[in-house]
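Accompanying notes for the structure given below.
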Amino acid sequence: MADTANPANGSSDGETRRDFLLYASTAVGVAGAGLALWPFVHSMNPAADTLALASTEVDLTPIAEGQAITVMWRGKPVFVRHRTAAEIEAARAVNTADLRDPQKDEARVKKAQWLVMVGVCTHLGCIPLGQKAVDPKGDFGGWFCPCHGSHYDTSGRIRKGPAPLNLHIPEYAFLGENTVKIG
């Protein structure tokens with residue numbers, strides 16, 4: 001019995017200590033490597049200023065019916081328009097089969113009176129006119145890109161000119177009756 005407990009004879013007690021030391025030193029080494037690598041992994045996360053641009057909230061209260069504002073989101077202008085009943089009716093009366101990029105007005109808005117879209121022409125990235133009351137609104141009462149003559153309707157759909165696609169609709173959600181979150 002004394003021979004089985006003697007570490008010099010290769011007893012299980014010596015192997016148990018050796019195994020414990022091996023496992024403990026391996027665990028400490030893995031934890032140390034993880035702590036050393038964490039700053040490098042964390043540096044790949046987006047910066048705080050980039051995360052701040054990921055979304056923006058807009059108060060819709062001061063926007064009168066028929067008025068439009070421009071807000072910046074991710075470095076791009078976003079047009080927010082409080083559409084009139086006539087603009088909504090004109091947008092919904094369009095036969096989508098006649099459109100280059102067919103989309104129903106209902107698919108482009110979450111609330112009929114509010115149109116939210118990225119204000120960048122899909123032809124060459126210009127900023128269309130039509131946000132101000134004095135701006136030319138094109139042949140369809142929406143927006144007009146003077147660079148190459150693209151005309152958009154009151155739903156932001158391309159109707160005339162070289163632009164291949166409708167103005168882009170960003171992800172957005174209404175947080176309340178008078179607040180929209182873009183992004």
Side-chain angles (χ1 to χ4, degrees), residues 44-183:
M44 291 184 227
N45 288 331
D49 59 342
T50 303
L51 289 174
L53 293 174
S55 67
T56 187
E57 291 183 18
V58 180
D59 180 17
L60 304 173
T61 308
I63 307 171
E65 188 176 53
Q67 185 183 16
I69 65 165
T70 304
V71 295
M72 294 303 287
W73 170 68
R74 294 184 181 175
K76 298 179 221 169
V78 173
F79 297 164
V80 179
R81 185 179 233 170
H82 190 173
R83 301 191 302 174
T84 64
E87 289 175 330
I88 296 167
E89 185 180 330
R92 294 194 171 172
V94 173
N95 182 3
T96 56
D98 296 337
L99 298 175
R100 183 177 308 157
D101 184 9
Q103 282 184 319
K104 289 186 174 189
D105 180 63
E106 294 87 348
R108 296 181 55 78
V109 295
K110 294 186 180 184
K111 290 185 178 181
Q113 70 271 26
W114 294 107
L115 177 64
V116 179
M117 63 187 179
V118 176
V120 176
C121 181
T122 58
H123 180 235
L124 292 176
C126 306
I127 309 297
L129 301 175
Q131 287 295 91
K132 298 176 185 170
V134 296
D135 284 349
K137 300 198 183 299
D139 294 348
F140 302 93
W143 290 266
F144 172 68
C145 186
C147 299
H148 297 98
S150 293
H151 296 253
Y152 298 92
D153 67 8
T154 58
S155 187
R157 298 174 295 201
I158 183 64
R159 299 291 297 278
K160 181 179 173 185
L165 301 171
N166 300 330
L167 293 176
H168 176 71
I169 303 295
E171 289 187 31
Y172 70 95
F174 286 93
L175 301 179
E177 193 63 31
N178 294 316
T179 305
V180 66
K181 180 179 180 180
I182 303 168

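Residue numbers count from 1 along this sequence.
Using a 4.5 Å heavy-atom threshold, the side chains of D101 and P164 count as separate. Contact check for R159 versus V94: side-chain heavy atoms found under the 4.5 Å cut-off. Counting heavy atoms from C-beta on, the side chains of T122 and I158 never come closer than 4.5 Å.
Separating the OG atom in S55 from the OH atom in Y172 is a distance of 16.0 Å, to the nearest 0.5 Å. Interatomic distance, H168 NE2 to R108 CZ, rounded to the nearest 0.5 Å: 9.5 Å. One distance of note links CG of L115 with NZ of K110; it measures 12.5 Å at 0.5 Å rounding. Between L165 atom CG and S150 atom OG the span is 10.5 Å, to the nearest 0.5 Å. Atom CD1 of I127 sits about 10.5 Å away from atom NZ of K76, to the nearest 0.5 Å. Note that SG of C145 is 9.5 Å distant from NE2 of H151, once rounded to the nearest 0.5 Å.
With hydrogens and angles disregarded, no donor-acceptor distance shorter than 3.5 Å links the side chain of K181 to the backbone of E57. A donor-acceptor pair under 3.5 Å is absent between the side-chain atoms of E171 and the main chain of G183, judged by distance alone.
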How far apart are the C-alpha atoms of D105 and R157, what are their side-chain angles, what is the distance that settles it, and do they pass the side chain to side chain contact (heavy atoms under 4.5 Å, CB included) test?
CA-CA 9 Å; D105 180 63; R157 298 174 295 201; 4.2 Å; yes

Note to self: Between S155 and D153, does the side-chain hydrogen bond (donor to acceptor under 3.5 Å, both in side chains) criterion hold? Intermediate values first, please.
What the structure shows: CA-CA 5 Å; S155 187; D153 67 8; 4.7 Å; no

- Output, in order, the C-alpha distance, side-chain angles, deciding distance and verdict of side chain to side chain contact (heavy atoms under 4.5 Å, CB included) for R81 and W143. CA-CA 11 Å; R81 185 179 233 170; W143 290 266; 3.2 Å; yes

Item to complete: Start with the C-alpha distance between D59 and N178, add both sets of side-chain angles, then the distance that settles side chain to side chain contact (heavy atoms under 4.5 Å, CB included), and finish with yes or no.
Response: CA-CA 6 Å; D59 180 17; N178 294 316; 4.2 Å; yes

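In the displayed structure, E89 atom CD is contacted under 6.0 Å by at most 12 heavy atoms of other residues, nucleotides or ligands. In this structure, K132 places its NZ atom where only 12 or fewer heavy-atom neighbours from other residues, nucleotides or ligands lie under 6.0 Å away.
Screening V58, V109, L60 for a side chain to side chain contact (heavy atoms under 4.5 Å, CB included) with W114, the sole residue that qualifies is L60.
Across every non-hydrogen atom of P170 and W73, the tightest pair is CB-CZ3, 3.6 Å. Between G149 and F144 the shortest heavy-atom distance is CA-CE1, 3.8 Å. The shortest non-hydrogen separation linking E87 to T154 is O-OG1, 3.0 Å. Residues A85 and E65 approach most closely at N-OE2, 4.2 Å, considering heavy atoms. Nearest heavy-atom pair across C126 and P128 is O-CD, 3.4 Å. Nearest heavy atom pair, residue A91 against residue R83, reads CB-NH1, 3.8 Å.
Ring planes of H123 and H148: perpendicular class, angle over 60° (limits at 30 and 60°).
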